[in-house]
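Some notes on the structure that comes next.
No experiment lies behind these values; they were computed from the predicted model shown. We count residues from 1, following the sequence as given.
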Amino acid sequence: MIIRDELARVNEIFKYFRIRGLGLTLESFLTEYYSKLSKEDLNAYMESKAKQRYRDGEIEWSTYQAHLKTYRKLLHFKQVTLFHELDNNWANKFDAFLKKHIQSRDKTNSCWVHHKTVKAYLKLVRRDHIIKIG
């Protein structure tokens with residue numbers, strides 16, 4: 001049973017790289033195999049990637065906390081945000097949600113910070129070849 005599950009996981013990795021036309025090296029296979037990053041859900045990806053970036057020293061504790069705050073806002077907005085759902089309409093709804101739920105005198109700047117953080121993680125998603133834009 002365990003071996004079958006692991007073989008299925010290996011096949012998913014091969015299929016993922018083949019469908020996207022990406023070259024699969026031993027290093028990229030192992031990175032993918034041990035990765036906990038979601039390939040479908042922005043919220044799950046953001047949580048895992050923020051932890052990874054903090055652990056690797058890419059971001060400081062205060063930045064990590066700010067990113068987790070945006071992650072919690074995303075969860076409050078929608079429990080699961082699939083990558084294929086992301087478009088201008090989604091961004092407008094998220095903006096309206098933030099403006100309604102942020103308890104700050106300066107809602108515009110607070111909303112902007114959350115949008116900036118989401119945009120930064122979407123760039124990381126592109127860099128990690130999870131979604132292809134353009």
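To the nearest 0.5 angstrom, K100 atom NZ is 13.5 Å from D95 atom CG. Note that CZ of R53 is 12.0 Å distant from OH of Y64, once rounded to the nearest 0.5 Å. How far NZ of K93 is from CG of D87: 8.5 Å, rounded to the nearest 0.5 Å. Between the CD1 atom of I59 and the NZ atom of K51 there is a distance of 12.0 Å, given to the nearest 0.5 Å. Atoms CG and CD, from L124 and E58 in turn, are 7.5 Å apart once rounded to the nearest 0.5 Å. Separation of atoms NE2 (H84) and CG (L42) is listed at 12.5 Å; rounding is to 0.5 Å.
Looking at heavy atoms from C-beta onward, T81 lies out of side-chain contact with M46 at the 4.5 angstrom threshold. D41 places none of its side-chain heavy atoms less than 4.5 Å from the side chain of Y45. The shortest side-chain heavy-atom distance between H101 and F77 does not fall under the 4.5 Å cut-off.
No more than 12 heavy-atom neighbours from other residues, nucleotides or ligands sit within 6.0 angstrom of CD1 on I3.
For F94 and H115, the gap between ring centers is short of 6.0 Å. For H67 and Y54, the ring centers sit 6.0 Å or farther from each other.
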Under the criterion side chain to side chain contact (heavy atoms under 4.5 Å, CB included), I'd like the reasoning laid out for V113 against K69: C-alpha separation, chi angles, the key distance, then a yes or no. CA-CA 10 Å; V113 167; K69 188 173 183 179; over 6 Å; no
One pair to check against side chain to side chain contact (heavy atoms under 4.5 Å, CB included): I102 and H114. What are the steps and the verdict? CA-CA 11 Å; I102 287 181; H114 292 301; 3.9 Å; yes
Practice prompt. Assess whether side chain to side chain contact (heavy atoms under 4.5 Å, CB included) is satisfied between N11 and K15, documenting all intermediate values.
Written response: CA-CA 6 Å; N11 282 332; K15 190 168 61 173; over 6 Å; no
Discussion item. Test side chain to side chain contact (heavy atoms under 4.5 Å, CB included) on Y121 and T70; report intermediate values, then the result.
Written reply: CA-CA 11 Å; Y121 278 88; T70 299; over 6 Å; no
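Transitive grouping of hydrophobic side chains (ILVMFWY, heavy atoms separated by less than 4.5 Å) brings L68 and W61 into a common cluster. Under the 4.5 Å side-chain heavy-atom criterion for Ile, Leu, Val, Met, Phe, Trp and Tyr, W112 and W90 are members of distinct hydrophobic clusters.
A distance-only check finds a donor-acceptor pair linking the side chain of N92 to the backbone of N88 [under 3.5 Å]. At least one donor-acceptor pair closer than 3.5 Å links the side chain of S48 to the backbone N or O of A44. In this structure a side-chain-to-backbone donor-acceptor pair under 3.5 Å is missing from N43 to Y71.
The minimum heavy-atom distance between F97 and H76, with the atom names listed, is CZ-CD2, 3.0 Å.
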